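Here the structure is a predicted model, which is why all the values come from computation and not from measurement.
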Amino acid sequence: MLVNIKSVHNLQAGSNKKWKNFPTKSIQVPGVFAEKILQIAREIDTGKSISYRDVYMALEALSIQELFDNYRRTKYPHK
């Protein structure tokens, strides 16, 4: 079994952890939402209280152009 050397370094004592809460889990989300969702998750991880309305408003702030571009890339990936 191959092991990524970066993973080994991350497990060593004293490594710089990016998250306070463990374990972490990789998920797949639509690319257009990824940055906002990661930002919200980091705020929650640092202990900031965040409401569902805050999450809704952050995702709603994505422009129509961003959503359209993402749809077009998904529906017509070779154009």
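In terms of heavy-atom proximity, Ile40 sits nearest to Ala58 at CD1-CB, 3.9 Å. The two atoms that bring Lys18 and Arg42 nearest to each other are O-NH1, 3.6 Å, heavy atoms only.
Partners of Thr46 according to the side chain to side chain contact (heavy atoms under 4.5 Å, CB included) rule, which considers only residues two or more places apart in sequence or in another chain, are Lys48. Here Gln28 pairs with nothing under the side chain to side chain contact (heavy atoms under 4.5 Å, CB included) rule; sequence neighbours left out.
Tyr52 and Val29 fall into different hydrophobic clusters, where Ile, Leu, Val, Met, Phe, Trp and Tyr residues are linked whenever their side-chain heavy atoms come under 4.5 Å apart, directly or through other members. Following chains of ILVMFWY side-chain contacts shorter than 4.5 Å, one cannot reach Ile50 starting from Leu38, and the two form parts of different hydrophobic clusters. Linking Ile, Leu, Val, Met, Phe, Trp and Tyr residues whenever their side-chain heavy atoms come within less than 4.5 Å leaves Met57 and Ile44 in two separate clusters.
With hydrogens and angles ignored, the 3.5 Å screen pairs no side-chain donor or acceptor of Asp45 with any backbone N or O of Trp19.
For Phe22, the CZ atom counts as densely surrounded, since its 6.0 Å shell holds more than 12 non-hydrogen atoms of other residues, nucleotides or ligands.
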